[in-house]
Amino acid sequence: MSKVRVRFAPSPTGGLHLGGVRTVLFNYLFAKKNGGEFIVRVEDTDQARFVQGAEEYIFDCLTWCGIKVDESVITGGPFAPYRQSERKELYKTYADKLIADGHAYYAFDTPEEIETMREKRKAEGSGSLQYDAGIRLHMNNSLRLVPQETQALLDAGTPYVIRIKVEPSETISFTDMIRGELHFENANVDDKVLMKADGMPTYHLAVVVDDYLMKISHAFRGEEWLPSAPVHILLWKHLFGLDAMPQWAHLPLILKPDGNGKLSKRDGDRLGFPVYAMDWRDPKINEVTKGFKELGFLPEAFLNMLAMLGWNPGTEQEIFTIKELIEAFSIDRVNKAGAKFDFEKAKWFNHQWIQKLPISSYQLQVKKLLAKQEIIITDDIYFEKVLNLVKERCTLLSDFYEQAGYFFKAPITWDVDAVKPKWNDDKNNFFIGFIEVIKKQANFIATDMEISFKALATEKNIKPGELQLPMRIMLVGSKFGPAVFDIAEMIGKDETISRIQKALSVFEN
RNA sequence: GCCGUGUUGGUCAACCGGUUAAGACGCCUCCCUUUCACGGAGGAAUAACGGGUUCGAUUCCCGUACAUGGUACCA
């Protein structure tokens, strides 16, 4: 087999969708598994949908994910340029060749004309219009016109598109790496536009030309492309020969968790989870859509979760580093059916990864996160201890604020409802006494504290258990967190005393 | 409508003709913990339907149903 070269070909039209990242991942895993190269080619042929900043954003997402790109607009490479808008002239020469060989033709029908025809067909209830062998001789194109007429229109600068001429009696067959043998009747495929009136190629022409020129060996893309695969194959056949064609792999779709359909940005907004890899600010409406990164996901978890959506190793292992994924990945274990996205499972992956990774790999992010809440870390050793103490309670990085905040800031509100109903003078006195005990304690450590706490409780004839919850509320403000005495030890003697005193005054009222 | 693809618990899924039909998420119960989690032990919950093929079908084939994608001078 010749050198493995795969490509991710995004259009810079908006945020990078989950499904997009998964396509990247599978491309990448396959390439690295086989010692190949991963290329990113920007497919910016639609000038109307182009969005400023989207291209840069896509690369930022890949960087966050830790995906290294071998060739792209950023890194350059032997097949530059990697932006289709900069290769515009190229496509025209291939389109011309197609016309010369009788595999394509000029069409002068205006979009408006086609549109009205379409509406008419729809009104008649005869399905949508297919510009194909059955109709093309009734349309305004170089197949119907005599050469002189065509030339005259061309010379006059009449806007035109170039369409592929699909011969209706053939059958296209090809092997998809995921789906196996596939057959399409040409009669069902229409004469797709190859070159638009603005001189830009459509996706159909551009992918084929660029995959050939960039020596792509395997083409991974979403299942939504399956219906247009015959057009691409026809183009390969006419232009470069089927032997040079990459092997196709049409990936299953990622679907909405609830209803039906492909997962979209709107579903995320509606159901309260991100769909984009990173925060995306749409410059047109100046609105930010939340991303997995900003919500508190670790890239390792994000990728791991995506890998298990549509692929599985056939073993019980679920947690994979990217290295392990490369090792384990195989195309024939990719599923055919679409998978519904499950945000709960996604969070579970993140929780696993927070436990698995050393604190050092996300410490800085947590620090920034706390800084936003006006908690400034000055003692890194203390900080690390805190993180280790609370990490198993954190599912998202953002959970660290709630789980670790009280180690740096005394509570300002207390869950008094958890204490008040059972609060009495005896308990009040206990804590006053306990402060004195603490003051005398030479080594302020959890185990010693617990012993003296229990001893004093017994002496005062109160069950220790009834005192631990109030103590927790005093230190934390609420009913969560690690063992109370561990917290006390961590924040230190003075802080512990001060928090008890403060809370005592609150409880009295 | 037409064309394509798909269909194992609520979700992700294993099994590639013979299994008590794995495992994970979520859910429930109990234990641990007089907090919240983690952890541990259990539990409920699955082969869309109908025909074939076969000694035997969840597994292969054909229908039906349902889902999903395409049907753009968008990708």
Side-chain angles (χ1 to χ4, degrees), chain A residues 9-13 43-46 48-49 107 109-111 114-115 118 121-122 125-131 159-163 176 178-179 182-185 187-190 192-204 206-207 221-230 250 252-253 255-258 260-262 305 308-319 332-333 335-349 351 355 390-395 399 402-403 415 418 463-469 471-473 476 478-484 487:
Chain A
S11 307
T13 54
E43 310 222 327
D44 55 346
T45 53
D46 187 350
R49 289 208 310 153
D109 321 276
T110 65
I114 302 259
E115 189 50 39
R118 232 173 231 133
R121 299 274 297 222
K122 220 173 188 176
S126 49
S128 56
L129 173 76
Q130 180 162 297
Y131 202 122
Y160 66 87
V161 298
I162 295 175
R163 308 188 87 114
D176 184 277
I178 295 169
R179 286 152 217 284
L182 263 14
H183 309 279
F184 294 84
E185 299 294 332
N188 294 319
V189 347
D190 58 342
K192 282 263 175 311
V193 170
L194 264 20
M195 293 292 291
K196 304 185 243 187
D198 65 0
M200 279 289 194
T202 58
Y203 171 84
H204 307 296
V207 237
R221 46 157 47 158
E223 192 187 344
E224 69 268 26
W225 289 109
L226 209 44
S228 48
H250 289 90
L253 265 14
L255 310 170
K256 300 178 202 286
D258 59 350
N260 314 313
K262 203 157 63 147
M305 173 273 289
M308 305 308 286
L309 215 49
W311 173 85
N312 78 83
T315 66
E316 286 187 9
Q317 185 177 357
E318 285 196 273
I319 302 300
D332 43 53
R333 295 208 64 92
N335 289 112
K336 294 185 182 77
K340 286 185 184 166
F341 176 65
D342 181 359
F343 190 51
E344 291 305 319
K345 185 85 188 220
K347 286 194 289 191
W348 176 80
F349 275 106
H351 182 259
Q355 315 318 313
V390 304
K391 69 175 181 183
E392 65 188 21
R393 278 150 234 272
C394 297
T395 295
D399 293 337
E402 184 182 48
Q403 294 296 336
D415 185 355
K463 281 186 200 151
E466 284 188 27
L467 294 161
Q468 281 199 27
L469 186 63
M471 172 97 169
R472 169 175 301 281
I473 306 291
V476 179
S478 193
K479 284 199 286 186
F480 63 87
V484 233
I487 298 171

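Here the structure is a predicted model, which is why all the values come from computation and not from measurement. Reminder, nothing fancy here: chain letters follow the sequence lines and each chain counts from 1.
Residue Tyr131(A) contributes atom OH, which lies 24 Å from atom P of rG70(B) at whole-angstrom precision. Taking atom CD1 of residue Ile114(A) and atom P of nucleotide rU71(B), one finds them 15 Å apart after rounding to whole Å. Atom CG of Asp46(A) and atom C1' of rC74(B) are 5 Å apart (whole Å).
For Thr45(A), a side-chain nitrogen or oxygen approaches OP1 or OP2 of rA75(B) to under 4.0 Å. For Lys196(A), a side-chain nitrogen or oxygen approaches OP1 or OP2 of rC74(B) to under 4.0 Å. Proximity of Lys336(A) to the phosphate of rG4(B): no side-chain N or O atom is located under 4.0 Å from OP1 or OP2. In this structure, Arg163(A) reaches the rC73(B) phosphate: one of its side-chain N or O atoms is under 4.0 Å from OP1 or OP2. Between rA13(B) and Asn312(A), no contact under 4.0 Å exists linking OP1 or OP2 to a side-chain N or O. For rA14(B), one of the phosphate oxygens OP1 or OP2 lies less than 4.0 angstrom from a side-chain nitrogen or oxygen of Asn335(A).
Rounded to a whole angstrom, the distance from the C1' atom of rC25(B) to that of rA13(B) is 11 Å. Look at the C1' atom in both rC2(B) and rG43(B): the space between them is 49 Å, to the nearest Å. Comparing rC27(B) with rA67(B), their C1' atoms are spaced 25 Å from each other, to the whole Å.
Summarising the local packing, NZ of Lys256(A) is surrounded by more than 12 heavy atoms from other residues, nucleotides or ligands at distances under 6.0 Å.
Both Glu185(A) and Ala346(A) sit near RNA chain B, but only Glu185(A) has its closest nucleotide nearer the 5' end. With RNA chain B read from its 5' end, the first of the two nearest nucleotides for Trp225(A) and Arg333(A) is the one closest to Arg333(A).
With respect to Glu223(A) and Arg179(A), a salt bridge is recorded, a charged nitrogen being found less than 4.0 Å from a carboxylate O.
Using a 4.0 Å heavy-atom criterion, one finds that Phe341(A) contacts no nucleic acid atom at all. Val161(A) comes within 4.0 angstrom of a base, heavy atoms only. In this structure, Leu467(A) reaches neither bases nor backbone, as no heavy-atom distance under 4.0 Å exists between it and the strands shown. If you check every strand for non-hydrogen atoms under 4.0 Å, Asp176(A) touches nothing. Contacts of Gly310(A) with the nucleic acid, taken as non-hydrogen atoms under 4.0 Å apart, involve only primed sugar atoms and P, OP1 or OP2.
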Encode nucleotides 31-48 of chain B as B, S and - characters from 5' to 3', where the letter depends on protein heavy atoms closer than 4.0 Å: B to the base, S only to sugar-phosphate, - to neither. ---BBBB-----------
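Under 3.5 Å, the side chain of Lys345(A) and the base of rA24(B) form at least one donor-acceptor pair of N or O atoms.
Closest to the side chain of Pro227(A), from the set rA13(B), rA24(B), rG70(B), is rG70(B). When distances are taken from the side chain of Ser11(A) to each of rA75(B), rG70(B), rA13(B), the shortest belongs to rA75(B).
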Could you write out RNA chain B as dot-bracket? Rules: Watson-Crick or G-U wobble, both distances under 3.5 Å, brackets [ ] for crossings, | for pairs with another strand, dot for unpaired. (((((((..(((.....[....))).(((((.......)))))....(((((..]....))))))))))))....
Can you give each donor-acceptor pair under 3.5 Å made by side-chain atoms of residues 337-347 of chain A, sequence neighbours left out, with the distance rounded to 0.1 Å?
residue   : atom : partner   : partner atom : Å
Asp342(A) : OD1  : Glu344(A) : N            : 3.0
Lys345(A) : NZ   : Glu318(A) : OE2          : 2.9

